[in-house]
Amino acid sequence: MTSKLSLYLHIPFCVKKCDYCAFYSLSGVTDDVKQEYFEALVRQLDFLETDREIQTIYLGGGTPPVLGVLRLCKLIEHIRTRFILSPDCEITVEVNPKTVDFNDLSALYISGANRLSVGVQSANDDILRSIGRIHSFSDAADCIRDAYRAGFKNVSADVIFALPSLTAETLKQTLELIMLTNVDHISAYSLQLEEGTPLYSRRGSLVLPDEECEEEQYELICDTLKSNRFSHYEVSSFAKPGFESRHNLNYWACGEYFGLGAGAHSFYKGKRFSTPQSVQDYISRSRISLLAPTDYDASPFQTDYDLYEESIMLGLRTSRGAVIPPEKRNAASRIASLGFGTFDGVTLRLNSKGFRVSNAVIAEILG
Amino acid sequence: MTDINKIRNFSIIAHIDHGKSTLADRLLEYTGAVEKRDVDEQMLDNMELERERGITIKARAVRFEYKADDGETYSMNLIDTPGHVDFGYEVSRSLAACEGAVLIVDSTQGIQAQTLANAYLAVDHDLEILPVINKIDLPSADPEMVKREIEDIIGIPADEAPCISAKLGIGIKDVLEQIVKNVPAPKGDREKPLEALVFDSYYDSYKGVVVYIRVVNGRMRVGDRVRMMHTGAEFEIVELGTLSTFNLDKKEYLEAGEVGYFTASIKNIADTDVGDTVTLCDNPCDRPLPGFKKSQPMVYAGIYPADGSKYGDLKDALDKLRLNDSSFTYELETSVALGFGFRCGFLGLLHMEIIEERLEREFMLDLITTAPSVIYEIHKTNGEVVYIDNPTNYPDPAVIETACEPYVKATIITPTEYVGTIMQLCNDRRGEYLDMKYIDTNRAELHYLLPLNEIVYDFFDSLKSKSKGYASLDYEFKDYRPSRLSKLDILLNGDVVDALSFIVHSDRAYPRARRICEKLKDNIPRQLFETPVQAAIGGKIIARETVKAMRKDVLAKCYGGDITRKKKLLEKQKEGKKRMRTLGTVEVPQEAFMAVLKYDDE
């Protein structure tokens, strides 16, 4: 019996790229290209062996609805007919509030999607505009409401903090307003000013929060969400009981996943590999049948040491923690004694305070 | 055999950047010793580092022939001199091998501190000084003013001084003619027992040590058994000859008046001290040539590999450098904080920087250097006198009767407008004013007694920045003087870090302590916990800063299972950790050690 597999489908299209985004994504793509890309995804799905039970599916981007909601539905249905899905298979679609309406959401739900991840980012329209988001907060709130009306029972909201001009007060309002939408899950990220982005080139004129403010905002998020019965189960993720993202947990647990689409990453049969970040290249490769798992055979196997490092690095991101090897147990005890988590002699589990400094903790254990 | 009357042995002396190496190149070019196309850059400075810094670190010598206007062909030996105050003794030995010195003065800058220091050295050695005014091609050149300066300040006639541009090759012949006419031929008796002065040496992996000498009296032949009169080492000459531009010209013998080299399968460069006298074992001269000094390191610092496991590599590198530089010393030391390393002795700060840079560049080593220390003379209550070059070994104050520190006599030449700020600087550095002379209406020559300890930090940098680069400095060791000294310890998270301890004048302890704590605070990254940085004298804490606990890491999105960014971050952090030393529980980057070496007066 082989272990279960997760699928990630990458849709690198957006209506308009946000000012802070450094990920690979295209805007203004013609419908012909979208159709070709869709066909390429279907072809790549068909290269995959069907002997693995699929436990989670994630359609991410970019902005998946920009591919066309109908095509998304077809992709989900294609997967459902071709593969054996776990009975509780989690199928997430990522959306931008302005890109889907009630009918779209219903269609997605009917085709099998059961989790929606909505890019809310902030409840302050001035801030949304200033970072180049194409929607207002009411668009986001409507989208979440429509999702529940359409049948979704698991909706997540993305929030960005440490944004230019974002004060603790505004963030507090954002969190309160998001709580009113009754979402089940929150992903909170701090803004990264990435070179080459419009925001980066404007950085001189921005009021960016300093380390203390950023810290304060992160704490505010942790505290607010905890008092609203969310558990802090991963560095950036908060969920009501039972609503943890199983797709993401699979990443942190070093579970296997196959990524489809331009720029998608995989951890499959002991290898980590990715597809080049080019839609054109992806389409051409799919035409000459170059995207089967065997085409990635040249990628090296993860060494035992890689696997060990990853198990620590990824495990410590979650509240499940990581098993610490004997020679690092002193370091782990010290970290726990500094109030960053608990250590039972085998497993180190970080708490909210520890998540904040997780990179340093990881470096401490692996250094 | 070379007619002794047709030999001219001379040096070129100058302040830094006044054109010494350029003139040397032009002389070689003009006389055909090198083709113009061979002149890549300056030939006499052939260490990469020397070219970059524009200074000569080691002496070099070269022989060339010149057919003068009188129809005779002369054998010219140009002996280069190191161009920095740290190498004063080496300069004096090079000058001792000559009869004349070409004193170059930049016609746009006039006389500078090292112009004077070198000119006085040349006078001390009874050399014929030939002033040469350089850089006359520059718009701001004022040759007449410079000539007057030379006459007024150094007191030698300058009306005949050639006005040249070494860069453009103008006036080169004049310089050569003056050397032939005015530099006396060497005196020396070729029939007397051998006396030869060692003025430089280097290590060659095939020949062993190659010794540069000036034969003063007598004759040296291949096969002769010779003795180094000071070290007592004896060797049989394997090869000898004169020095051409790019290689060694083998000869059968060298005679009084000549400059050349010999090899004798010498393994250890310490057997051939600069300034030593070579004589024959079976027919020795009565006494060695005057002026020999064992070169003594003035400044000490601990050198440690940044990565503790590279200790062996560091040792190999030091062994190799030492082959070519007997003036630098090293011995094993251990530090609780830094592990195994070496306590190294240098002639001065520049010398230290050169060794560090060569270790890093030529041997690809990452180093941690501790604060440079001078040698303190401690008179203990039990009558014992100890010399301390490592703050860690500083005795308990209870057993110290008197602590003495070395003083130097410093000569500073500066445009008059900076006299005030420079006097302030010297006062701040505990200088004792001696006197001041006006060189002309624009420039003054200041003399101060300064503790060497105050100079080894960043005196030279401060001097330069306070005078917009115009002031120049020269100094020589004066004596040891009683002083009030304290050993300052630095504590991180409550533990003393031995590698950061240093000795400081008691009056300066508080401000230094505060400044160093601040600097450490700025240079130590936030740790997982709050980390106190303290400075203490004895058990008493006199300054404190706190490195705050780390607040947060990057909480970026880990997208679509793409863990490559996280991995890169982890690799970066691991790489960063390698450049850190864990002192107790605190991680300290290399930069923190560097930062405490600088004062920063502001």
Side-chain angles (χ1 to χ4, degrees), chain A residues 6 8-10 23 58 60-61 158 160-162 187-192 194 211-212 214-216 218-219 234-236 247-248 250-252 257-259 261 263-267 272 274 306 309-310 312-314 317 334-335 338-340 354-364 366-367, chain B residues 306-310 339 366 492-495 521-532 545-590 592:
Chain A
S6 290
Y8 175 77
L9 281 77
H10 191 57
F23 289 106
Y58 198 105
D158 275 10
I160 303 183
F161 63 100
S187 295
Y189 305 103
S190 73
L191 177 77
Q192 301 305 310
E194 304 272 5
E211 204 175 321
E212 267 73 34
E214 201 171 334
E215 159 76 7
E216 191 191 345
Y218 186 66
E219 237 164 63
E234 190 263 337
V235 173
S236 307
H247 185 82
N248 285 338
N250 183 55
Y251 293 150
W252 315 135
Y257 51 96
F258 196 90
H265 287 251
S266 302
F267 178 43
R272 288 198 185 272
S274 65
D306 286 334
E309 275 202 332
E310 284 164 14
I312 300 277
M313 178 178 98
L314 301 174
R317 288 186 66 91
R334 200 165 71 83
I335 287 158
L338 289 167
F340 294 125
F355 284 149
R356 279 180 346 214
V357 292
S358 60
N359 290 337
V361 169
I362 290 163
E364 189 75 26
L366 293 175
Chain B
D307 173 356
S309 65
K310 295 279 167 66
D366 259 343
L492 291 181
N493 205 27
D495 301 323
K521 186 193 83 175
D522 294 343
N523 280 279
I524 295 174
R526 292 180 166 209
Q527 315 276 316
L528 284 170
F529 45 87
E530 192 173 278
T531 309
E545 291 285 338
T546 305
V547 179
K548 286 194 201 155
M550 184 187 291
R551 301 293 296 265
K552 58 117 224 143
D553 279 335
V554 174
L555 299 172
K557 201 156 182 164
C558 188
Y559 212 88
D562 176 8
I563 65 160
T564 49
R565 279 178 191 223
K566 294 278 164 215
K567 275 210 137 173
K568 268 187 207 141
L569 184 69
L570 177 65
E571 287 312 314
K572 231 173 90 186
Q573 271 179 316
K574 279 172 32 183
E575 207 44 54
K577 270 179 103 75
K578 272 192 205 149
R579 293 182 65 84
M580 304 261 210
R581 279 310 189 95
T582 307
L583 308 182
T585 48
V586 185
E587 291 186 339
V588 180
Q590 228 172 318

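Reminder, nothing fancy here: chain letters follow the sequence lines and each chain counts from 1.
- Taking 4.5 Å as the limit, some side-chain heavy atom of A:M313 sits within range of a side-chain heavy atom of B:I563.
- Contacts of A:F267 with chain B are absent, with no heavy-atom separation under 4.5 Å from either backbone or side chain.
- Interface summary for chain B: among A:E364, A:E215, A:R272, the most heavy-atom pairs under 4.5 angstrom belong to A:E215.
- Heavy atoms closer than 4.5 Å to chain B are found in the side chain of A:Y8, but not in its backbone.
- A 4.5 Å side-chain heavy-atom check between B:M550 and A:R356 finds every atom pair outside the cut-off.
- Proximity to chain A involves both the backbone and the side chain of B:K567, based on heavy atoms less than 4.5 angstrom apart.
- Contact of B:E530 with chain A is not made at all, since no heavy-atom distance falls under 4.5 Å.
- Using a 4.5 Å cut-off between heavy atoms, A:A360 contacts chain B through both its backbone and its side chain.
- The shortest distance between side-chain heavy atoms of A:I362 and B:L570 falls below 4.5 Å.
- The residues B:R526 and A:E211 are annotated as salt-bridged, a charged nitrogen and a carboxylate oxygen being separated by less than 4.0 angstrom.
- With a 4.5 angstrom heavy-atom cutoff, A:L366 touches chain B via backbone and side-chain atoms both.
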